[in-house]
Amino acid sequence: MEQIIQQMLVEMDALRQKGEYRSLPVIAHCDKRVEVKDRSMLNLSSNDYLGLASDDNLRQEFSRTLSSQSEDFLFSSSSSRLLTGNFTVYAEVEKFLASLFEAESALVFNSGYHANIGILPAVANAQTLILADKLVHASLIDGIRLSKAKCIRYRHLDYEQLERLLSIHHQNYERIILVTESIFSMDGDIANLRRMVEMKRQYSNVMLYVDEAHAIGVRGKTGLGCAEEQECISHIDFLVGTFGKALASVGAYVVCSNTIRDYLVNRMRSFIFTTALPPINFSWTLFVLRKLKDFEDRRAHLRCLSALLKSNLETMGYPCVSDSHILPMLIGDSRETVLWAEKLQRKGFYALPVRPPTVPEGTSRIRFSLTSALTMDEVNAIFQPNETQR
Ligand code: PMP
């Protein structure tokens, strides 16, 4: 026992040496600001992309719709949905999602993590090949690991390689599942979903799985994500998104066919063997979803803020691959990145370093994720002209 603890301490020491040790921040929230160690800072690391989670008016409006007598005014479902934990509001959310996406069906989950670790193991068998972008999120990687499928990771956004892999392998497997994020969580660049759809349509045994965690709410004419923007919703077999980011709630969904939904209800372990989220959370999710199409002004403002920060980063000599509100300032060395983050924090900007294993070795970065609650002046003040030193 003593020896095991000693090993753990040695391992954590090594993490400290590399500047990769993590600890939970003590943090207080006040609208778009956070207070950490008595310092109030603008939050530049939030996933509240539309500023809805910090919108007091919205919360007030929602609370006026509540009554302690209503079926949804419950802070626990007390059970799995397959036992006694199924409430009408879940079906309402699913029905509304299906209508928004003009799809047959939708199914909701406790989180994006639950969705991603559960769907792939359910639908992939030993005769399945998963072709996944090299930079997909850890939850998707865990889902792939839990499945019986063989997996090949193609180079990030390299669709020529993906095409080659498909043509080599499509006859050797019963099914092939292409897996990608739409907006990539650490780089903010965007998958070419239309191209992926075209590829999959050349074969009868290929399915497409897209994680829109960072795009739902933010992209597309009515906020349905990059699949709406790229006009290919109906061709995506598993269109996954989370409620915990721009939609200011908690949980996740997949938009899919009736058959896939029924299959997941029967086969998806992270759906079956867990207590469903509290009905009150889904009530709030439904409240936000109903307003989604009306947030275009927030989406447009977020686009302006993102363009401004991208241009300022480039002026400072940090070319940025991002095409979204997630903007990495690529530094490379982990300790150097931590020093940059500390400098920004001293200046009143809560920007966080992202280091391995979250990102590949040698690609540590400051990850800015902007929210429409910020002003142009606030974003412009992050860097002074000619500021290149930490
Ligand atoms: N997918 C992606 C691309 C993510 O970035 C995240 C969370 N950071 C998730 C899924 C997990 O979603 P959730 O937080 O709802 O578990």
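In each ligand, atom 1 is the first atom listed, and ligand 1 is the first ligand listed. What you see below is based on every heavy atom in this structure, not just the backbone, and it leaves out hydrogens, waters and symmetry mates.
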*Between H325 and F368, does the ring centre distance come in under 6.0 Å?*
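Not under 6.0 Å, so no.
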Out of all atoms in ligand 1, which are within 4.0 Å of some heavy atom of [X]? Include the element for each.
X    : answer
S185 : 5 (O)
S139 : 1 (N), 10 (C)
N116 : 1 (N), 10 (C)
T242 : 12 (O), 15 (O)
G112 : 11 (C), 12 (O), 13 (P), 15 (O), 16 (O)
H214 : 3 (C), 4 (C), 5 (O)
D211 : 1 (N), 2 (C), 3 (C), 10 (C)
Y113 : 11 (C), 12 (O), 13 (P), 16 (O)

*Ion pair check, E296 and R303, cut-off under 4.0 Å*: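 Between R303 and E296 there is a salt bridge, with a charged N closer than 4.0 Å to a carboxylate O.
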*Do any heavy atoms of H114 fall under 4.0 Å from ligand 1?*
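No heavy atom of H114 comes that close to ligand 1.
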*So is A252 in contact with ligand 1, going by heavy-atom distances below 4.0 Å?*
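Contact absent.
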Relative to each other, are the rings of [X] and [Y] parallel, tilted or perpendicular (30° and 60° limits)?
X    : Y    : answer
F62  : W284 : perpendicular
Y203 : H170 : tilted
F101 : Y253 : tilted

*If you draw a 6.0 Å radius around CD in Q3, do more than 12 non-hydrogen atoms from other residues or ligands fall strictly inside?*
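Not more than 12 within 6.0 Å, no.
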*Is the CD atom of Q171 crowded by more than 12 outside heavy atoms at less than 6.0 Å?*
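Count not over threshold, so no.
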*asked:* Can you tell me how far apart OH (Y90) and CD (E94) are? Round to the nearest 0.5 Å.
replied: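 CD of E94 is found 10.0 Å from OH of Y90.
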_atom 9 (C) of ligand 1 - nearest protein heavy atom and its distance_ =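 The protein heavy atom lying closest is H137 CE1, 3.6 Å.
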*K245, any N or O under 3.5 Å of ligand 1 N or O*: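 K245 vs ligand 1: N/O contact under 3.5 Å present.
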